[in-house]
Structures are given as C-alpha cells and as structure tokens.
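Okay, structure first, notes after.
The chains referred to below are lettered A, B, ... by the order of the sequence lines, with proteins before strands, and numbering in each begins at 1. In what follows, every heavy atom counts, from backbone to side chain, and hydrogens, waters and symmetry copies are set aside. Just so it is clear, the structure is predicted and the values come from calculations on it, not from any experiment.
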There are 2 protein chains.
Amino acid sequence: MKSWIYRLAFASASALGLVACSTPSALMVKEVGSYHVGGRSVTLSGLPPKELTPTPGSPPIKVDPNGEFEVEALYARYTRLANPKAKYPLLMWHGGGLAGVTFETKPDGAPGWESFFLNAGHDVYISDAVERGRASWARYPEIFQSEPFFRTKKEAWELFRIGETGSYSADASQRKALPGTMFPTQAFDQFAKQSIPRWATNDAATQAAYDAYVDKACPCVILVHSQGGNFAFQSALNRPGKIKAIIAVETSGSPDPDRTDFRRLKDIPMLWVWGDNLYKYPFWEAIVARQEKFRQNLATAGGVGDKLALRELGYFGNSHMVMMDRNSDAVAALIQKWMTERGLMK
Amino acid sequence: MKSWIYRLAFASASALGLVACSTPSALMVKEVGSYHVGGRSVTLSGLPPKELTPTPGSPPIKVDPNGEFEVEALYARYTRLANPKAKYPLLMWHGGGLAGVTFETKPDGAPGWESFFLNAGHDVYISDAVERGRASWARYPEIFQSEPFFRTKKEAWELFRIGETGSYSADASQRKALPGTMFPTQAFDQFAKQSIPRWATNDAATQAAYDAYVDKACPCVILVHSQGGNFAFQSALNRPGKIKAIIAVETSGSPDPDRTDFRRLKDIPMLWVWGDNLYKYPFWEAIVARQEKFRQNLATAGGVGDKLALRELGYFGNSHMVMMDRNSDAVAALIQKWMTERGLMK
C-alpha cells in the first residue's frame, strides 16, 4: 500500500507538472537580478580630445573626454529564494582590494559561502563597492582624488596569513605556507586573479553608496569581511533600524571605539569571526585589539557582541580569507548556528 | 475521487519534502558559481614605494608597487539549472565600455535577458571581459599599454541610438529621444552607472581570455553584443567544434569578411539581430554593411546566416541596447524561437 501511495503521489505530481521538483538538492529560486545604487553625476571640462577605434575593423571615432559621467555607485546582485527560511536577506560585503567574488565559488573550485547560505535558506545579496568590479571606477585625479594601489601576490600571501612575512616566492613550488594552513595554497594564483585595484581616498563615497544600498535592500543581515567592517558598522550608525545583525569576519576596521555611541548599536546582535595565527603578526594583533575594544564597549552598552575565535574552538590554520579555506563550510555552519540562536531564522 | 487523488498527491508530495515545488514560476537551480579563466602573471620592478592606510583607524602599511600580479583574466558567473531544456549552456558576452551587467536586470528594474533565458531553460553564463568589472584591470602604461577611455553620457545617448546626434542635454528633462524609442529613457542615468572604462590596446589579451573561456565552458551557444561580436567570431575560428551557434546582437565588428576562411564557420548557425534607426547614423550604416558582407559570405560558403532586422519585422524603436528596451522580452522570444528551430533545444 505504501509503495502504491508513493507511486500515486509521484504520478500525480508529474501530472501536475511538479516532476522536476524530485531533483534532490536543487535550489528553488524566485528571482535573480542586480542593480546599481547610489552615486552621482559629475561633469569634466577642459580635457583634450582623443581618437579611439572601438573594435578592429570598425570606423575610428573621435572621443571627447569632457562631459558628464555617473560615478561612485555600488553594484549588487541578488538571488531570492522561493521559500527563504531566514527572516531577512543576507548581504555580503567584501574587503579591500577585492570584490563580491570573495563569496562566490572558492579559488579551488569548491562552493563558497554564497552557495552555503543560499542552501541554508537565505536570500543572498553580493555587492561590489564603489571603485571595485562592476561598480566601476572613475577617472583620476579629476574625480577620484588619488591613484590606485594594486596588491602584489606577495602582499596577499603574507598579509592574508597564508604564509609568514618573507615566505613568498615567485616560484609557487618554493612558497612557504604557514604550517597547517587551511587555505588551498595550490589555488593561490587563481585567488590572485580576484584582486582589484583600490583607492585610499574614496571612503566617503563608498560609505554613501553603502548607506544608499542599506536604504534599498534592508532590513537585512550583513556579513562583512575585512575592510568592509568599518563601512558596515558606520551604516548601522547611519541607518538605525535597518540592519538586524552584523557578522564581522576578520574585520580590519571600525569607527573609533572610544567615540562611538553604542546606544545606537545595542539592539543589533554582532558576531566577530577570527581565523588562526593572528598572534604571529603585529599588524593583525593591533587590529584584533581595536575590534575587541569595540566588541566589549558594545557589550557594556547592553548589546550582543559574540565572538568565534576559531583557534580557541579547535579550528586551526584559518587564514584571513576564511571563506576560501578548506574548512569554510564548517565555519559557515558555526555562523549559521549563531544566526539561528539569535532568532534570525523563521 | 479525482479531488481525493489530488489531495493525496499533495499530501504525499508534502511528506516527501516536495511541497515547496508547488510555487509557480520558481527556477529549479542546480548550482550558482563563478570563476576567473585565462590571464598571466607579470612582474613589475623599479617603481618607487608608497604608503597606504587600508581602513580608517587601521595601522598604515608601506606598499611596494613592485612584484608579481595576475592580470588579463576573464570573469564568468553561471547559473546551472536542475533540468535545462537547452542542449548547451548559453554564454552572454557584453559590448564595449560595459560588463556582464548588460544582461541582468534592466536599468528600469524589469527582468533582463538573463532571466528570460533562464526561464526558457538555458544554463546561463555571464562574463566580464579582460579590463572590465570583476575581471579587473592592470596598471598602465606598465602592463596595459595605454590609458583607458571613459564613455560620457552624451556618447552613450547618441551612439546607442537612444537620441539623435546632438540631442543630449545635461538636464534629463531636456534630452530629445528618438521618436518612438523603446529604450526606457527615464532610466538612462541608471543605465549610465553600468559604464566601465575601456582600453583600445587590449584586444589580443581579451581574445586570449575569451578563447580560454571557450575551452572551459563550451560546447556552448554564444549570445554576443556589440564589440563582443569580433571576439566571438574569432573564438569560433580559433576553437573549432566548441561553439554550436552565435547570436550576434548589434555586433559592431568581425574579422575581415574578405579574409575569413568561412569553411571553418559554416557548421555554426548564426543569427544577426538589429534594432531600429540604423539608417540615421553613417557610423551604424558602415557597421551593418560590413556585418552583412560577413553574413552573406558565410551563407555563400554553405553556412547558416540568419537575420532578425527588427524594423523589417514590424518592431520599431529598438536601440543599440536591445536587451534593455521595453520590448526586450518580445525580441528574446524571437531569438528563442530561432534557437528552437535550429535544433539547439532538447
């Protein structure tokens, strides 16, 4: 009888056009899409004209570099589920010298945090901040005030705690990784392809675009990495009520902990996530100290400042790029557990 | 009895965890992801050092601009369906001064061609070419050989056949659109936020990255816009057997029609799609003439060179950005019909 009912159920489901739904592990997606948000129009004048052949074989065109441009917007792409289990969309904000690709497929080809959190039932939004990726960049020094920085592979190798300072080699086989690193070192050059130039003079424009993004996409939960942390905390101050939680992954900055009005943040549960080997780098020790002060001041003000110090929890070898490490799913599961415990799921 | 079976079917489907599948119009997605492909490692030396404060409040770091960089890769993002109806993935290649965003949500907020073709049963891949968007760009003149061009809003307004030459105004309310244009002119400034700087000296690197992409993602069908056309035709020549069809939307260039070995292309069905008002612009008339020669030489060699001249089919007012026009779904349906007729669906 049971098997008969099963067969009937499938046959009827098929008749109803539901047969595709028997595919295991497929995501039910309501909508994919993207938008640019924020930014402004600027006018350039007085620059000399240039000639451009836009495509080989097409007629050359005279280009007047003067005129109007849209600049300093932010780009966001979203995947909205048919039946999300999370109360709010999850916005993922990348760190410095990188773009939203951070959260997509990992450099070693395995699924990244975007896939993890979609499968966990979140609508996921991934953005490129002002100056990065699909948000694009603007002419300098006329619009952006300085020239950009390009991160070397050596800097990424050492700053991101994949190898110790001085351990980088141009020859991949000679690079000395940190003992027990969870970063997939064979995919390091692939990771380096994600690098995107950055400016040191665009923070105000970037913050304005993030605030406009929060206006458009929130209420939401923000999962933020590295340089993005400062923008997320500041948006929480600038846009009260909009941000329902912040997951601060290896965040490198924040507003001054001694000058922040934590009464404005105390209703936003926050979780700090830290990888391993921080103590080996004075640069990272200074960053952690400041973030810990921020976290403790939040707690003192009556807020929720939780912490996942992965090393203390028995997870060893995590780099700055936790979401690309070989145990990224295990770390994501800890974050998901926290979100459930903090009441962020339906 | 019938209603009882229906109820049983639903109840059983629910017990089997299939209830979410009753959501109408949801996409069954097997996988989302992305990768960088192609590119090379370069080394810079002899440049002076600089100081950078990566995040407000974080310690300043000394940046040595010399070292190794990964450059000239291409970025692709894919959405793979659980049950695709198309035989091959559909790769969408953007035009000049733009990135893959071209095919995502339209500037007026309506769903774009990515959504249309996902819903029609295609696995969809959307890329950013070398120098654009998430593919990133490299330092010039040390790596890229020249400086980039930034497209003004005036140029986009006029070159893309939204308004006639000389009809652009800084004041949006004063801009004179072409009579009956299908471009959503109220969203023109939003469209301009998608602009991305371009170089005139990167074609060889871009072609190499597209060829590497074809190696990785194909067999496939390519839908290509504007400047991308030249790269798609060339990849078809460079990678025999990999590209199963090309849909050339307002393509602005191609290899020389008088020097192309069309025997290498004759097994690849091709469709050219043209918007309206081309005859008003000598620039576009020259482009169409060259493309028509390419198409006719393909046909003469025994290939399939079809054409959708939208104006001749009674679709008026389409701009260069057909996929953003108000009737973009109607045009996409014509393309989809062609793919079905050409045997590209299962």
Pick one of side chain, backbone, both or neither for [X], based on which atoms fall under 4.5 Å of a heavy atom in chain B.
| X | result |
| --- | --- |
| A/S146 | neither |
| A/F188 | neither |
| A/I196 | both |
| A/P148 | side chain |
| A/D189 | both |
| A/A286 | side chain |
| A/F149 | side chain |
| A/A73 | side chain |
| A/E72 | neither |
| A/R151 | backbone |

What part of [X] is in contact with chain A, defined as an atom under 4.5 angstrom from a non-hydrogen atom: side chain, backbone, both or neither?
| X | answer |
| --- | --- |
| B/I126 | both |
| B/S115 | side chain |
| B/N66 | backbone |
| B/P197 | both |
| B/E68 | both |
| B/A138 | backbone |

Check whether any side-chain heavy atom of [X] lies under 4.5 Å from a side-chain heavy atom of [Y], and answer yes or no.
| X | Y | value |
| --- | --- | --- |
| B/P65 | B/L44 | no |
| B/L74 | B/R132 | no |
| A/H94 | A/H225 | no |

Task: Residue among B/D256, B/V29, B/V71, B/N119 with most heavy-atom pairs under 4.5 Å to chain A - done: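 Of the options given, most contacts go to B/V29.
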Keeping the roles fixed (side chain from [X], backbone from [Y]), state whether a donor-acceptor pair exists under 3.5 Å.
| X | Y | value |
| --- | --- | --- |
| B/K193 | A/G38 | yes |
| B/Q207 | B/F231 | yes |
| A/H36 | B/A192 | no |
| A/D128 | A/R134 | yes |
| B/T79 | B/V32 | no |
| B/R175 | B/S169 | yes |
| B/R139 | A/F150 | no |

- [ ] Assign the ring pair B/W137 / A/W137 to parallel, tilted or perpendicular, where the plane angle (0 to 90°) is split at 30° and 60°.
- [x] parallel
TODO: Indicate the ring-plane relationship of B/Y78 and B/Y35, choosing parallel, tilted or perpendicular according to the 30° and 60° boundaries.
DONE: tilted
- [ ] Could you please state which residues from residues 97-107 of chain B sit under 4.5 angstrom from chain A, measuring non-hydrogen atom to non-hydrogen atom, sorted by number, or 'none'?
- [x] B/G100, B/V101, B/E104, B/T105
- [ ] Apply salt bridge (charged side-chain N to carboxylate O under 4.0 Å, His left out) to the pair B/R77 and B/E114, showing each step before the final yes or no.
- [x] CA-CA 11 Å; B/R77 180 180 167 96; B/E114 176 188 34; 5.7 Å; no
Open item on the list: Let's go through A/E131 and A/R198 carefully: what are the C-alpha distance in whole Å and the side-chain angles of both, what is the deciding distance for salt bridge (charged side-chain N to carboxylate O under 4.0 Å, His left out) to 0.1 Å, and is it a yes or a no?
Closed with: CA-CA 7 Å; A/E131 90 192 18; A/R198 67 186 292 180; 5.4 Å; no
- [ ] Quick one: which of A/E147, A/K154, A/E155, A/K30 has the most heavy-atom pairs under 4.5 Å with chain B, could you say?
- [x]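 Looking at each of A/E147, A/K154, A/E155, A/K30 in turn, A/E147 comes out on top.
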- [ ] Drop me the distance from B/L27's CG to B/L118's CG, to the nearest 0.5 angstrom.
- [x] 5.5 Å
